[in-house]
*Asks:* 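I'd like to ask you about the structure that follows.
Just so it is clear, the values below take in all heavy atoms, side chains as well, and ignore hydrogens, waters and symmetry mates. Chain letters run A, B, ... following the sequence lines, proteins first, then strands; residues in each count from 1.
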There are 2 protein chains.
Amino acid sequence: MVYFFMKSGDNGMTSKITAKSAKEELFMKCDLVQELNFLVARMRSLGSTRANHALKPLGLKVRSYSVLSLACSDITPTQRDLAEFLALDPSQIVPLVDGLETSGLVSRIPDPSDRRSKVIVATAAGRKLYAQARKITRQNEDETLEALTPQERLQLRDLLSRVALADAE
Amino acid sequence: MVYFFMKSGDNGMTSKITAKSAKEELFMKCDLVQELNFLVARMRSLGSTRANHALKPLGLKVRSYSVLSLACSDITPTQRDLAEFLALDPSQIVPLVDGLETSGLVSRIPDPSDRRSKVIVATAAGRKLYAQARKITRQNEDETLEALTPQERLQLRDLLSRVALADAE
DNA sequence: ATAAACCATTGACTTTCTCAAGGATTAAAG
DNA sequence: CTTTAATCCTTGAGAAAGTCAATGGTTTAT
């Protein structure tokens, strides 16, 4: 426990290297590493910054990319739908759609069957950009899942989606 | 595709219900649901608010709980270690530890082998509270993973940790 | 001995989150 | 049919979280 405090006959440098890898080893065995919330939080922190960086050349971030993806689907989602799917507050959707609309990637179409809500659909330019962005995210995800076999990747996606979408059924 | 725009001979009400479940069905099949980043982002959004709520009676949030957990482990982490483990900026650790220290749950101990860094260790009160908090998070995680069998839960944790900790080896 | 790198901390700044409220519209109740 | 209640989008305010550069004290590298 006080292993790192020992300063016997060493010059201090080598002991710190061993201390570092020793800490990492202990870290891999600590309680927190078994907790879902921690793993997911760490993964999304690393993953989103990484994905944001990868999407930057297209002028997209993970959020706007997600909205664009849903706008390209055949869901024809309203802004409320987007909020539910993405687990965001409806007020967060507004500036997201604003940005995409200003860039000419999506359009707000008043829903004829309910004039309160607006359906978000991608423009031709939006679909074109999405096709490019999809390639990037696919590549990015492959790199992220490098440690897993193809089967394990499918398994992970399956398990994750069953948990993450459990309440959105 | 324009399914939801049809307003034939219905009163509008029943068609919206079917439209809703139809959208959910489409949602489960759309591209985004297969993407790791989306699943993880959604899961952590729902999971952290849920966990924060569960930990509230103890005066903890997921973040402070995570720091407390590591402070209770035998890692004897410095604040930089905490930042790396939790994938946070070092400057974010400061107010986190401040809060726990003010509450008497952890202590900053100057590292004798490197007087720049401070080791964060839990106090007796901190360990006591962590024991309670751990029960809550365990219970909470069980509920979250309700849709999975015990084996699948192990599998998910294994796959997740291999991906999430790939670069922290 | 000097220069370079590192740790914790601060501060400024941006982004994201969380709520509450409002106008327009639709659903429910009488 | 009229009133009431609920819903959708939007706005705005305030809290929380993320990002980045700079500093004092300390340690490593040259």
*Asks:* Look only at the side chain of B/S117 and the backbone of B/T78, and say whether a donor-acceptor pair between them is shorter than 3.5 Å.
*Replies:* no
*Asks:* In whole angstrom, what separates B/D111's CG from D/dT28's P?
*Replies:* 11 Å
*Asks:* Can you check the A/L86 CG to C/dT18 P distance for me, whole Å?
*Replies:* 14 Å
*Asks:* I want to know whether B/F85 and A/F38 have ring centres closer than 6.0 Å.
*Replies:* no
*Asks:* Just to be sure I understand the rule, does A/S48 reach a base, reach only the sugar-phosphate, or reach nothing, if contact means heavy atoms closer than 4.0 Å?
*Replies:* nothing
*Asks:* Heavy atoms from C-beta onward define the side chain here; which of D/dT19, D/dC8, C/dT26 lies closest to that of A/T49?
*Replies:* D/dT19
*Asks:* Figure out the CG/P separation between B/D114 and C/dA5, and round it to whole Å.
*Replies:* 17 Å
*Asks:* Treating A/R108 as the side-chain partner and A/K118 as the backbone partner, does any N or O pair qualify as donor plus acceptor under 3.5 Å?
*Replies:* no
*Asks:* Closer to the 5' end of DNA chain C via nearest nucleotide, is it A/R115 or A/L88?
*Replies:* A/L88
*Asks:* Between A/T137 and A/R134, is any side-chain donor less than 3.5 angstrom from a side-chain acceptor?
*Replies:* yes
*Asks:* Check the phosphate of C/dC7 against B/R80, side-chain N and O only, distance under 4.0 Å to OP1 or OP2. Yes or no?
*Replies:* yes
*Asks:* Can you identify which nucleotide, out of D/dT19, C/dC6, D/dC9, has its nearest atom closest to the B/R116 side chain?
*Replies:* C/dC6
*Asks:* In whole Å, what is the span from the CZ atom of A/R42 to the C1' atom of D/dG18?
*Replies:* 17 Å
*Asks:* Under a 3.5 Å cutoff, is there a donor and acceptor pairing between the side chains of B/N37 and A/Y65?
*Replies:* no
*Asks:* Under 3.5 Å, is there a donor-acceptor pair between the B/Q139 and B/E143 side chains?
*Replies:* yes
*Asks:* Please list, for nucleotides 10-17 of chain D, all pairs of protein and nucleotide N/O atoms separated by less than 3.5 Å.
*Replies:*
from   : atom 1 : to     : atom 2 : distance (Å)
D/dT10 : OP1    : A/R108 : NE     : 2.9
D/dT10 : OP1    : A/R108 : NH2    : 3.4
D/dT10 : OP1    : A/K118 : NZ     : 2.9
D/dT10 : OP2    : A/Q79  : OE1    : 2.9
D/dT10 : OP2    : A/Q79  : NE2    : 2.6
D/dT10 : OP2    : A/R108 : NH2    : 3.1

